[in-house]
Amino acid sequence: MPTFISILSFLFVIGFGYYSQDVYTIQRKNMVQDQLKARDIVDRVTLNAMLKVPRHHFVPDNVKKYAYQDTPLSIGKGQTISQPYIVAFMTQELQLKPDDKVLEIGTGSGYQAAVLAEIVKEVYTIEIVESLGLTAKKTLSTLGYQNIEVRIGDGYHGWKEQAPFDAIIVTAGIDTIPQPLLDQLAEGGRMIIPAGSPNAMQLLLVKKKNGKIKTQERLPVRFVPFVRGKN
């Protein structure tokens with residue numbers, strides 16, 4: 001149920017035609033309280049990161065007013081920014097630590113990378129759609145993130161030069177887990193990835209222990225397809 005503050009924020013926008021930074025801050029706090037804490041997001045560092053990252057800076061101007069709603073939004077080129085709950089859920093599943101090095105496949109808007117960067121030491125993120133990757137890089141730089149490196153390219157093969165990674169997150173749906181990503185996952189590392197057929201996709205939690213891979217289904221999901229480069 002909308003809070004009184006949420007209703008006031010909405011009326012402000014209707015009356016004045018724009019959102020102030022204070023309104024975005026209020027909406028972000030409501031998002032964390034109503035969409036995350038009220039469900040099953042309990043990890044303190046994840047909640048703090050979601051509270052800090054300004055999601056409205058990662059979406060096109062025409063949808064900024066929806067930035068903190070519980071829904072994915074189009075960012076162009078057939079791609080989306082995931083709903084806040086999914087971003088938080090995937091982040092929480094990785095059980096991140098401050099000194100971790102994380103690989104993200106599918107930079108998109110850069111929002112997930114920013115959330116990760118609030119928690120860990122290094123984030124390496126790959127985006128195959130050049131225009132999205134360049135825009136995300138500019139946004140992240142403008143917001144002052146210095147621990148994120150963006151690469152334009154096919155994420156299927158990971159980022160071998162920077163491997164191994166303590167955690168890997170994939171933000172596009174694929175039929176099977178790419179072997180290069182499994183190879184680049186550090187011993188004791190965790191990967192979260194949407195995999196399976198488009199109509200039966202599951203968010204999989206992958207763990208590597210003693211060189212062996214263990215996979216667990218965590219949540220039924222829908223993601224945009226994993227885009228590959230031309231052979």
Side-chain angles (χ1 to χ4, degrees), residues 53-64 66-69 71-91 94 101-118 120 122-163 165 167-182 184 191-199 201 203-204 221-231:
V53 178
R55 191 171 189 254
H56 60 281
H57 284 299
F58 294 89
V59 300
D61 289 342
N62 64 320
V63 294
K64 282 188 184 298
Y66 307 117
Y68 296 102
Q69 292 188 6
T71 183
L73 296 170
S74 172
I75 57 172
K77 304 297 181 179
Q79 303 300 304
T80 62
I81 180 174
S82 296
Q83 72 185 96
Y85 174 76
I86 291 296
V87 173
F89 185 88
M90 295 176 75
T91 303
L94 293 176
K101 178 193 289 188
V102 180
L103 173 65
E104 179 192 28
I105 307 301
T107 312
S109 68
Y111 177 66
Q112 176 72 80
V115 171
L116 296 170
E118 292 289 346
V120 305
E122 300 173 72
V123 178
Y124 295 85
T125 180
I126 305 174
E127 174 56 56
I128 195 168
V129 181
E130 183 176 15
S131 60
L132 292 180
L134 293 176
T135 298
K137 186 174 183 178
K138 181 178 179 181
T139 301
L140 293 165
S141 177
T142 299
L143 291 174
Y145 288 99
Q146 299 181 354
N147 59 336
I148 303 175
E149 189 166 342
V150 180
R151 169 183 280 185
I152 308 300
D154 188 342
Y156 186 91
H157 298 289
W159 200 320
K160 189 175 181 179
E161 310 93 287
Q162 294 296 339
F165 297 97
I168 298 176
I169 182 169
V170 181
T171 62
I174 194 167
D175 52 353
T176 57
I177 303 172
Q179 185 61 45
L181 299 186
L182 294 173
Q184 292 174 31
M191 180 193 308
I192 192 80
I193 179 172
S197 66
N199 296 323
M201 189 173 293
L203 204 54
L204 303 181
V221 290
R222 288 188 178 183
F223 272 80
V224 295
F226 194 108
V227 178
R228 295 294 316 279
K230 295 180 180 179
N231 295 325

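Scanning all heavy atoms of the two residues, the minimum distance from Ala67 to Leu73 falls at CA-CD1, 4.0 Å. Taking each heavy atom of Gly158 and Ile126 in turn, the nearest pair found is O-CD1, 3.4 Å. Residue Ala172 comes nearest to Pro194 through the heavy atom pair O-CG, 3.4 Å, listed as atom of the first residue, atom of the second, then distance. Here the shortest heavy-atom pairing between Arg55 and Gln69 reads NH1-O, 4.1 Å. For the pair Ser74 and Val63, the tightest heavy-atom approach, listed with the atom from each and the gap, is O-CG2, 4.3 Å.
Counting heavy atoms of neighbouring residues, nucleotides and ligands inside a 6.0 Å radius, atom CD of Gln146 does not exceed 12 of them.
Remark: side-chain polar atoms of Lys101 are not paired, donor with acceptor, to backbone N or O of Glu122 under 3.5 angstrom. The backbone N or O of Lys137 lies less than 3.5 Å from no partner atom in the side chain of Ser141, so there is not a single donor-acceptor pair. Of the possible donor and acceptor atoms, one in the side chain of Glu127 sits under 3.5 Å from a partner among the backbone N and O of Gly108. At least one donor-acceptor pair closer than 3.5 Å links the side chain of Asn147 to the backbone N or O of Ala117.
Residues passing the side-chain contact (heavy atoms from CB on, under 4.5 Å) test with Pro198: none are found, sequence neighbours excluded. Residues satisfying the side-chain hydrogen bond (donor to acceptor under 3.5 Å, both in side chains) test with Tyr156, not counting sequence neighbours, are none. Remark: Glu118 engages Lys52 in a salt bridge (Lys or Arg N to Asp or Glu O under 4.0 Å) (not counting sequence neighbours). By the side-chain contact (heavy atoms from CB on, under 4.5 Å) test, Gln179 pairs with Leu182, Asp183, sequence neighbours left out. For Ile152, the side-chain contact (heavy atoms from CB on, under 4.5 Å) partners are Glu130, not counting sequence neighbours. Qualifying side-chain contact (heavy atoms from CB on, under 4.5 Å) partners for Glu149, counting only residues two or more places apart in sequence or in other chains: Tyr124, Trp159.
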Stepwise side chain to side chain contact (heavy atoms under 4.5 Å, CB included) check, Leu116 with Tyr145: CA-CA 11 Å; Leu116 296 170; Tyr145 288 99; over 6 Å; no
Full working for side chain to side chain contact (heavy atoms under 4.5 Å, CB included) between Thr91 and Gln112: CA-CA 8 Å; Thr91 303; Gln112 176 72 80; 3.0 Å; yes
Test side chain to side chain contact (heavy atoms under 4.5 Å, CB included) applied to Ile105 and Phe226, step by step: CA-CA 9 Å; Ile105 307 301; Phe226 194 108; 3.7 Å; yes
Stepwise side chain to side chain contact (heavy atoms under 4.5 Å, CB included) check, Met191 with Ile177: CA-CA 10 Å; Met191 180 193 308; Ile177 303 172; 3.9 Å; yes
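A side chain to side chain contact (heavy atoms under 4.5 Å, CB included) with Lys77 is found for one member of Val224, Leu132, Thr135 and no other, namely Leu132.
Using a 4.5 Å heavy-atom cutoff, the side chains of Leu103 and Leu181 are in contact. Using a 4.5 Å cut-off on side-chain heavy atoms (C-beta onward), Thr107 and Arg151 make no contact. Between Tyr111 and Ser82, every side-chain heavy-atom pair lies at or beyond the 4.5 Å cut-off.
For the residue pair Gln79/Ser109, the side-chain donor-acceptor check at 3.5 Å is not satisfied.
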